[in-house]
Amino acid sequence: MITRFATLRALHLDHCANIRNRDLLVLSRAPSAAQLHTLTLGDDRSRPWVSNRGVASVCRITSLTRLTLRDCMSLTNRGLVPLSALTGLTCLSLRGCRKLTN
């Protein structure tokens, strides 16, 4: 999809039950992903799909300035470590990620 929209700056993938972590890897490797500034990922409560591995893939998109991880049921503290690669990140939302601790 991202190859068809080379100027895409924001992508919202909330409650997308057919998206998988492997799709996030493909997204992160697309040349036009370097144009993305805003990415929203949110689990479908009936079929959670966002995991630590998927977030690690997303962290390859170093152009991101805003990242929203909403209701990501499988995301743990370990999955946040790769976020350090996003040096331009100015906004991070982790609302509803219940496995995260202080």
Side-chain angles (χ1 to χ4, degrees):
M1 176 175 63
I2 196 157
T3 57
R4 300 182 97 187
F5 303 102
T7 60
L8 192 65
R9 301 285 188 265
L11 181 60
H12 301 277
L13 299 172
D14 271 347
H15 309 288
C16 297
N18 293 326
I19 303 274
R20 293 287 170 253
N21 286 300
R22 68 181 173 270
D23 299 317
L24 295 177
L25 181 60
V26 169
L27 170 70
S28 71
R29 291 180 174 170
S32 52
Q35 304 300 316
L36 273 180
H37 296 287
T38 301
L39 181 62
T40 300
L41 302 176
D43 266 343
D44 180 322
R45 289 188 188 269
S46 63
R47 284 183 68 187
W49 63 275
V50 180
S51 72
N52 293 345
R53 194 175 82 205
V55 172
S57 295
V58 164
C59 289
R60 295 177 182 205
I61 308 172
T62 56
S63 59
L64 288 177
T65 58
R66 297 178 60 90
L67 179 60
T68 300
L69 301 170
R70 186 174 299 139
D71 299 319
C72 297
M73 306 304 197
S74 300
L75 185 61
T76 66
N77 293 346
R78 187 178 305 184
L80 298 183
V81 173
L83 292 177
S84 63
L86 299 177
T87 58
L89 201 64
T90 59
C91 181
L92 175 64
S93 175
L94 301 168
R95 185 179 65 179
C97 299
R98 292 183 173 94
K99 288 190 176 180
L100 298 179
T101 64
N102 290 339

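Note that this is a predicted model, so its numbers are computed, not measured.
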Next item on the list: Give a yes or no on whether V58 and V81 share a hydrophobic cluster (residues Ile, Leu, Val, Met, Phe, Trp, Tyr; joining criterion: side-chain heavy atoms under 4.5 Å apart).
Entry: no
Next item on the list: Would you sort out whether I61 and L86 count as a side-chain contact (heavy atoms from CB on, under 4.5 Å), showing the intermediate values?
Entry: CA-CA 8 Å; I61 308 172; L86 299 177; 5.5 Å; no
Margin query: Test: salt bridge (Lys or Arg N to Asp or Glu O under 4.0 Å). Region: residues 62-74. Which pairs qualify, not counting sequence neighbours?
Written below: D14-R70, R45-D71
Note to self: Before you tell me yes or no, could you show the steps for R29 and R60 under side-chain contact (heavy atoms from CB on, under 4.5 Å), namely the whole-Å CA-CA distance, both residues' side-chain angles and the distance that decides it to 0.1 Å?
What the structure shows: CA-CA 8 Å; R29 291 180 174 170; R60 295 177 182 205; 3.5 Å; yes
Check: Can you list the residues that meet the side chain to side chain donor-acceptor pair (under 3.5 Å) rule with T38, with sequence neighbours excluded?
Finding: none
Next item on the list: Consider only side-chain heavy atoms of I, L, V, M, F, W and Y, link residues closer than 4.5 Å, and tell whether L100 and L39 are in one cluster.
Entry: yes
Check: Mind checking what makes side chain to side chain donor-acceptor pair (under 3.5 Å) contact with D23, not counting sequence neighbours?
Finding: none
Note to self: I need the full list of salt bridge (Lys or Arg N to Asp or Glu O under 4.0 Å) pairs touching residues 72-98, with sequence neighbours left out, sorted by first then second residue.
What the structure shows: none
Check: Do L13 and T40 have side-chain heavy atoms sitting under 4.5 Å apart?
Finding: no
Item checked: Atom pair CG/OG1 of N77 and T101 - distance to nearest 0.5 Å -> 3.5 Å
Margin query: Please say yes or no: joined through hydrophobic side-chain contacts below 4.5 Å, possibly via intermediate residues, are L64 and L80 part of one cluster?
Written below: yes
Checklist line | Which atom of M73 lies closest to which atom of G96, heavy atoms considered | finding: SD-O, 4.4 Å
Check: Is it true that L83 and L41 fall in one hydrophobic cluster, defined by side-chain heavy atoms closer than 4.5 Å?
Finding: yes
Next item on the list: Please list, chain by chain and in numerical order, all residues satisfying side chain to side chain contact (heavy atoms under 4.5 Å, CB included) with H37, sequence neighbours excluded.
Entry: R9, T65
Next item on the list: Name all pairs fulfilling the side-chain hydrogen bond (donor to acceptor under 3.5 Å, both in side chains) condition that reach into residues 48-58, sequence neighbours left out, sorted by first residue then second.
Entry: N21-S51, N52-T76
Check: Mind checking whether L89 and L94 sit in one hydrophobic cluster, side chains of I, L, V, M, F, W, Y counted as touching below 4.5 Å?
Finding: yes
Note to self: Quick check: closest heavy atoms across S28 and A33, and the distance to 0.1 Å?
What the structure shows: O-CB, 4.3 Å
Note to self: If I compare all heavy atoms of A10 with all of L36, which pair ends up nearest, and what's the gap?
What the structure shows: N-CD2, 3.9 Å
Notebook entry, point to check: Hey, what do you get for CG (D43) to CG (L69), rounding to the nearest 0.5 Å?
Noted result: 9.5 Å
